[in-house]
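Since the structure comes first, as structure tokens, the remarks are kept for the end.
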Amino acid sequence: MMDQEKIKKGIRLILEGIGEDPKREGLLETPDRIARMYEELAGGMHEDPAVHLAKRFHVDNNEMVIEKDITFYSLCEHHMLPFFGKAHVAYIPDGEVVGLSKIARTVEVFAKRLQLQERLTAQIADAFMENLHPKGVLVMIEAEHLCMTMRGVKKPGAKTVTLTARGVFQDNDALQNTFFRMIQER
């Protein structure tokens, strides 16, 4: 798992590097707090998404299932700053479905890693294809990246949108349009 002592040592070095005193009263427990925080924020690195997609239920119809507006928080691997937003996942079952909470848990497993949004989107889609074996899956993520909004170009509110289609969604405009129409409905 994670090496808490290395994280604490690294935070002390960062504090010293920016000119702070890690022994100052307000900072004494900061390395410990941050080490615990990373255990939570990067906990998906040691989690297997297949666990969440293993329990399935038989269904007779194979209509599209959409779980939309799944809130997630992740860390950009380039700056280790948060990015956050909504994930929308659609799949067309091939005789089996998973519990709705398992869709959100699968998103969370991959979000709780150092990430690129493009990779996050593809990993979610691939996990569904590899573990649930649906006829197809479509994943769309809309996110705001703090590395873009609070530093660098400084454009608050700018959103990055990524889309990954697998199986029957890849070349089927009608299915994709149904997905887009359904996620826009409030």
Side-chain angles (χ1 to χ4, degrees), residues 41-79 81-149 153 155 157-186:
L41 297 182
M45 293 179 59
H46 308 289
E47 200 173 341
D48 182 359
V51 169
H52 301 296
L53 297 172
K55 181 158 176 119
R56 299 182 193 110
F57 306 96
H58 176 75
V59 292
D60 291 327
N61 69 15
N62 292 318
E63 301 299 323
M64 188 185 312
V65 176
I66 298 177
E67 185 75 18
K68 67 180 189 176
D69 296 330
I70 302 167
T71 301
F72 75 90
Y73 300 90
S74 192
L75 292 172
C76 158
E77 70 180 31
H78 296 144
H79 300 97
L81 285 173
F83 69 96
F84 57 93
K86 304 282 185 185
H88 315 287
V89 179
Y91 71 98
I92 296 179
D94 193 9
E96 294 182 314
V97 295
V98 293
L100 298 177
S101 69
K102 305 309 183 195
I103 298 170
R105 289 187 191 282
T106 302
V107 169
E108 195 165 275
V109 165
F110 291 113
K112 287 190 171 190
R113 300 176 179 187
L114 296 181
Q115 274 294 8
L116 296 174
Q117 182 174 331
E118 299 87 343
R119 182 187 314 123
L120 173 61
T121 309
Q123 285 175 329
I124 294 164
D126 291 341
F128 270 82
M129 291 302 289
E130 292 166 14
N131 295 287
L132 187 58
H133 310 291
K135 293 180 180 179
V137 64
L138 188 64
V139 178
M140 180 175 151
I141 293 181
E142 305 170 273
E144 184 169 338
H145 294 248
L146 290 187
C147 59
M148 239 187 83
T149 63
V153 71
K155 297 297 177 202
K159 292 227 166 104
T160 301
V161 180
T162 51
L163 181 75
T164 298
R166 302 284 190 261
V168 296
F169 282 102
Q170 282 182 298
D171 297 314
N172 190 322
D173 290 339
L175 281 176
Q176 289 185 21
N177 289 335
T178 298
F179 169 81
F180 292 128
R181 189 175 58 253
M182 290 178 76
I183 66 167
Q184 291 175 355
E185 292 176 3
R186 295 289 166 204

Problem set entry | Heavy-atom pair of closest approach, residues L120 and A111 | CD1-N, 3.6 Å

Please check if any side-chain donor atom of [X] sits under 3.5 Å from a side-chain acceptor atom of [Y], or the reverse.
| X | Y | answer |
| --- | --- | --- |
| H52 | E47 | yes |
| K86 | T71 | yes |
| D48 | H46 | no |
| E96 | H58 | no |
| Q115 | S74 | no |

Exercise. How about N61: does its CG atom have over 12 heavy atoms from other parts shown lying under 6.0 Å from it?
Worked result: yes

Exercise. Any ion pair linking R119 and E77 (charged N to carboxylate O, less than 4.0 Å)?
Worked result: yes

Exercise. Given the rule in the side chain to side chain contact (heavy atoms under 4.5 Å, CB included) test, do L163 and V139 qualify, once you have shown the distances and angles that lead to the verdict?
Worked result: CA-CA 6 Å; L163 181 75; V139 178; over 6 Å; no

Is there a donor-acceptor pair under 3.5 Å between the side chain of [X] and the backbone N or O of [Y]?
| X | Y | answer |
| --- | --- | --- |
| H133 | E130 | yes |
| N131 | A54 | no |
| K68 | M182 | yes |
| E142 | A87 | no |
| R113 | G44 | yes |

For this session: Could you tell me whether the side chain of F83 reaches within less than 4.5 Å of the side chain of C147, counting heavy atoms only?
Result: no

For this session: Could you check I141 against T164 for side chain to side chain contact (heavy atoms under 4.5 Å, CB included), going step by step and ending with a plain yes or no?
Result: CA-CA 9 Å; I141 293 181; T164 298; over 6 Å; no

